[in-house]
Amino acid sequence: MKIISMIPARYSASRFPGKLMQNLAGKTVILRTYEATVATKLFDEVYVVTDSDVIYNEIMSHGGKAIMSQKEHDSGSDRIAEAVEHLDVDIVVNVQGDEPFTERESLKKVLDVFKDDTNHKIDLASLMVEITDWDEISNPNTVKVIVDQDNFALYFSRSPIPFPRDKTAGARYFKHKGIYAFRKQALLDFYRLPMRFIEATEKIECIRYLEYGKRIKMVETTVEGVEIDTPEDLERAKKLWK
C-alpha cells in the first residue's frame, strides 16, 4: 500500500496572512511542518502543494519536495486532489501547513484504521481530541465533531455539538484536528462533487463527504499540539518550542 503525505499551503490565509512564512524558532512554520511530517517516517513521499512561489521556493531551497498548484481552489482537499490525480498512490494524508507539531503517534493511529478495512468501508480517517473548556467548546474557530458508537463521524460544526440542554447527560466534546487520510478515490470524488449548502454555511470542507454519503472514521488522540491560525497561536507555539 503506497502512502504519501500532501501539505496544502496557501500564502494568503484570511485570519493570518503569510502565517506559513512566519519565523518559528529559526525556521518558517511551513518548513517546520514539512520536516516534522518527514520525520514521522510513515510516508513514501511528502510534498507541499501550494499556489505561492514564496512557499514553493522555501521548501525546494531546503531540499524538500513541492508541487505548484495550477488552479484556484476552495479547499485544501481540492488542491491535493489536483496534485494526486495522476499519481500511483493508495492513501493520501493531508497534513495542514500550520501544524508544526505534527507527530508520528497520531498519524500512525489514523493510518492503522485502513489495515483491517479490507472491504473499503472507510473512505477517510481523521483525528479528534477531547476538549473540556467551555470557551473552546463554544468558540466558532474550533470545529467540533460528534460520532456514532463505532466512531464514524455524524456531523461537524462550529457550534457546540451536542447542545447541552441536559447538562447531566455526560456529553463529551471533541475538537476536530485537521489531519485527514483519504483513499485516493474518495479524494477524487470530493474534487468532482459540487459544494452543497451545509458545507458552504459552516465553511467546513469535510461536511461535503458526509453530504455525499462518504464514511469518515474518527480516531481519538490526546495530543493537542498548536495549530497556528492567529498571531497569538504563533506566540504560544514559540513558547512551546522552547
Side-chain angles (χ1 to χ4, degrees), residues 8 13-16 74-78 80 93-99 101-103 105-107 109-114 117 121-183 186-187 189-191 193-230 232-233 236:
S14 57
R15 277 178 285 176
F16 189 4
D74 293 324
S75 72
S77 293
D78 288 315
I80 290 172
V93 178
N94 175 346
V95 174
Q96 301 295 327
D98 59 4
E99 291 265 10
F101 296 93
T102 294
E103 39 75 42
E105 179 185 350
S106 297
L107 284 174
K109 284 183 178 181
V110 172
L111 291 171
D112 282 348
V113 306
F114 293 100
D117 185 39
K121 292 183 177 180
I122 299 171
D123 295 297
L124 60 150
S126 193
L127 287 171
M128 61 183 185
V129 60
E130 186 171 12
I131 50 177
T132 56
D133 180 75
W134 186 252
D135 286 341
E136 186 171 18
I137 292 168
S138 58
N139 186 340
N141 292 327
T142 301
V143 175
K144 278 71 66 175
V145 59
I146 49 175
V147 297
D148 67 12
Q149 62 182 357
D150 296 315
N151 277 358
F152 282 98
L154 294 172
Y155 190 60
F156 299 84
S157 183
R158 297 184 182 280
S159 298
I161 51 172
F163 181 81
R165 182 172 181 177
D166 183 349
K167 293 183 173 61
T168 66
R172 298 174 71 197
Y173 291 86
F174 290 95
K175 174 183 179 179
H176 179 221
K177 288 178 63 65
I179 292 174
Y180 306 89
F182 309 89
R183 292 197 184 279
L187 183 58
D189 288 346
F190 177 94
Y191 188 39
L193 292 168
M195 182 187 299
R196 300 187 64 188
F197 78 93
I198 302 178
E199 178 192 358
T201 302
E202 290 261 24
K203 292 290 186 288
I204 301 171
E205 65 185 73
C206 49
I207 289 177
R208 190 183 313 179
Y209 291 97
L210 297 181
E211 288 192 273
Y212 285 101
K214 302 294 186 184
R215 304 197 76 199
I216 306 175
K217 182 77 168 183
M218 300 302 299
V219 180
E220 185 175 354
T221 179
T222 57
V223 179
E224 179 71 30
V226 177
E227 301 166 20
I228 299 175
D229 287 324
T230 65
E232 292 76 22
D233 292 337
R236 286 175 54 217

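Start at 1 with the first residue, then count along the sequence.
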Under the side chain to side chain contact (heavy atoms under 4.5 Å, CB included) rule, collect the residues that match up with [X], sequence neighbours excluded.
| X | result |
| --- | --- |
| Ser159 | Ser157 |
| Lys109 | Glu105, Val219 |
| Ala200 | Met195 |

pair [X]-[Y]: side-chain heavy atoms closer than 4.5 Å:
| X | Y | answer |
| --- | --- | --- |
| Gln96 | Glu227 | no |
| Phe156 | Ser126 | no |
| Tyr155 | Ile198 | yes |
| Ile122 | Arg215 | no |
| Ile161 | Leu154 | no |
| Val147 | Met128 | yes |

Inset, instruction - Please step through side chain to side chain contact (heavy atoms under 4.5 Å, CB included) for the pair Val95 and Leu107, ending with a clear verdict. - result: CA-CA 9 Å; Val95 174; Leu107 284 174; 4.3 Å; yes
Inset, instruction - Give a yes or no answer on whether the side chain of Asn151 reaches the backbone of Lys217 with a donor-acceptor pair at less than 3.5 Å. - result: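 No.
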Legend entry - Glu220: salt bridge (charged side-chain N to carboxylate O under 4.0 Å, His left out) partners, not counting sequence neighbours: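 Result, salt bridge (charged side-chain N to carboxylate O under 4.0 Å, His left out) vs Glu220: Arg172.
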Legend entry - Listed partners of Asp233 passing salt bridge (charged side-chain N to carboxylate O under 4.0 Å, His left out), at least two apart: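 Counting only residues at least two positions away or on another chain, Asp233 forms a salt bridge (charged side-chain N to carboxylate O under 4.0 Å, His left out) with Arg236.
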Inset, instruction - Kindly indicate, with the supporting measurements, whether the criterion side chain to side chain contact (heavy atoms under 4.5 Å, CB included) is fulfilled by Tyr180 and Val110. - result: CA-CA 8 Å; Tyr180 306 89; Val110 172; over 6 Å; no
I'd like to check the side-chain hydrogen bond (donor to acceptor under 3.5 Å, both in side chains) partners of [X]; sequence neighbours left out, ordered by chain and number.
| X | result |
| --- | --- |
| Asn141 | Arg15 |
| Lys214 | Asp189 |
| Arg158 | none |
| Asp117 | Arg183 |

Give me the atom names and distance for the closest heavy-atom approach of [X] to [Y].
| X | Y | value |
| --- | --- | --- |
| Ser138 | Pro160 | CA-CG, 3.9 Å |
| Arg208 | Leu193 | NH1-O, 3.1 Å |
| Cys206 | Ile216 | O-CD1, 3.8 Å |
| Ala125 | Val113 | CB-CG2, 3.5 Å |
| Glu199 | Ile204 | CG-O, 3.4 Å |
| Leu187 | Ser77 | CD1-O, 3.6 Å |

Inset, instruction - Could you grab the distance from atom CG of Leu127 to atom OG1 of Thr221, nearest 0.5 Å is fine? - result: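 Answer rounded to 0.5 Å: 6.0 Å.
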Legend entry - All pairs passing ring pair (Phe, Tyr, Trp, His ring centres under 6.0 Å) where residues 193-225 contributes a residue, at least two apart: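 Those involving residues 193-225 are Phe182-Tyr209, Phe190-Tyr209.
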Inset, instruction - For Phe101 and Val223, run side chain to side chain contact (heavy atoms under 4.5 Å, CB included): C-alpha distance rounded to whole Å, both residues' side-chain angles, the deciding distance at 0.1 Å, then the answer. - result: CA-CA 10 Å; Phe101 296 93; Val223 179; over 6 Å; no
Inset, instruction - Can you run down the salt bridge (Lys or Arg N to Asp or Glu O under 4.0 Å) pairs that involve residues 138-157, sequence neighbours left out, and say none if there aren't any? - result: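 Of all non-adjacent pairs touching residues 138-157, none passes salt bridge (Lys or Arg N to Asp or Glu O under 4.0 Å).
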Inset, instruction - Using ring pair (Phe, Tyr, Trp, His ring centres under 6.0 Å) as the criterion, list what pairs up with Phe114, not counting sequence neighbours. - result: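 Partners of Phe114 by the ring pair (Phe, Tyr, Trp, His ring centres under 6.0 Å) criterion come out as none, since no residue qualifies.
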